[in-house]
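For reference, the structure is listed below as structure tokens.
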Amino acid sequence: MLIKKPADIKPSEITPESVYRNRRQFMKEGATLLAATAAGSSLPMSALGQDGDALKARAPAELRRSAPAAWWETKFANIKPAPDSEPFYTGESLTPYRDVTSYNNFYEFGMDKSDPSRRSGEFKVDPWSIEISGEVARPGTYQLEDILKPVDLEERIYRLRCVEAWSMVIPWTGFPLADLISRFEPTSKAKYVEFETLVDPEMMPAVNSRFAIVDWPYREGLRMDEAMNPLTFIAVGLYGNYLPAQNGAPLRLVVPWKYGFKSIKSIVRINFRETQPNTTWNDLQAQEYGFYANVNPMVHHPRWRQDMERRLPQTLFSRQYIETRLFNGYADQVAHLYKDMDLSVYY
Ligand SMILES: Nc1nc2c(c(=O)[nH]1)N[C@H]1C(S)=C(S)[C@@H](COP(=O)(O)O)O[C@H]1N2
Ligand SMILES: [Mo]
């Protein structure tokens, strides 16, 4: 391993993930970071702390824009760390912050991987409200603040496997979807939950594009037992900081055992229903993208195999091809949900 002298470490190399790992007390990296700071880098000392001011100090301008309001900073100062064991944690290397926030799929901003980070400069999340409708005792339009007030934020380190055969490891901040769902008291008829993304042509430059292939709003859905599974997560942040627009600010779904397209971003509506909802990719191309979309190395996409994946970041020296695992490695937690189903029919 190459060990750098502190003086050789440029401030630009002190990335959010090194700050973040330091917070998780990975001792070696922490020592390097402290040395670098002592050697006079521009990183403020306070950024090593865990309080709200430190967070603000290191939050780039783009993140402050996607922070809904000051009250949220208190929440972010008290994130419960992920346990150091599966399934809410993985010891696999984290995908660097830069890759997580610049290689994205968010078609409302364009179809290139760089479009969401480059073209989301107008995106604002304050005010933000979410409509809760359908088979629930407490429907209504709720402000984001009211949705988040009673939740305790926690961290989950999950694999994210895109149907395009690349993957990342991302430290999310958020709370279990089950906690949110129970608060609205679904009725006994609620068998599925449907989600919708915001459609705002002012802030999302690709929704009115004549090249757009999606019939907006982007929609996704889960069966109720999938939605209530302890792995199913609502993320409001990553790397211990606010969610950038390109990753689905201010809140998005994370379903780690399913292909990434199920993890719908920037949610404005949650609807409870008796019947299976239509979903964006299934509507676009049903032979290629199913409603279930469970990660499965045995069921290939008609145009490419699904038994391998590129773990990002790739470098010139390491292609990082790894084997794709059934249910993305979360089979112990979710295989029972599908025990009587033929996964090649319900793909
Ligand atoms: N609204 C919306 N949500 C979306 C998408 C999208 O285009 N629009 N793309 C999906 C796909 S294909 C993937 S792989 C993940 C990517 O999440 P990330 O950019 O945070 O890694 O977001 C999903 N959620
Ligand atoms: Mo994806």
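Side-chain atoms are counted along with the backbone in the values below, which use heavy atoms only and exclude waters and symmetry mates. Atoms within each ligand, like the ligands themselves, are counted from 1 in listed order.
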Is there a donor-acceptor pair under 3.5 Å between the side chain of D115 and the backbone N or O of M111?
yes
Given R159, R161, Q320, the one that forms side chain to side chain donor-acceptor pair (under 3.5 Å) with E309
R161
Answer yes if the side chains of E288 and H301 hold a donor-acceptor pair under 3.5 Å, and no otherwise.
yes
If you count heavy atoms of other groups shown closer than 6.0 angstrom to CD of E323, is the number above 12?
no
Might you list the protein residues in contact with ligand 1, defined as having a heavy atom under 4.0 Å from one of its atoms, sorted by chain and number?
N104, N105, F106, Y107, E108, L160, C162, W166, T197, Y218, N247, R252, G260, F261, S263, I264, K265
Determine whether the aromatic ring centres of F233 and F175 lie less than 6.0 Å apart.
no
Polar contact flag, side-chain donor to acceptor under 3.5 angstrom, R310-S167
no
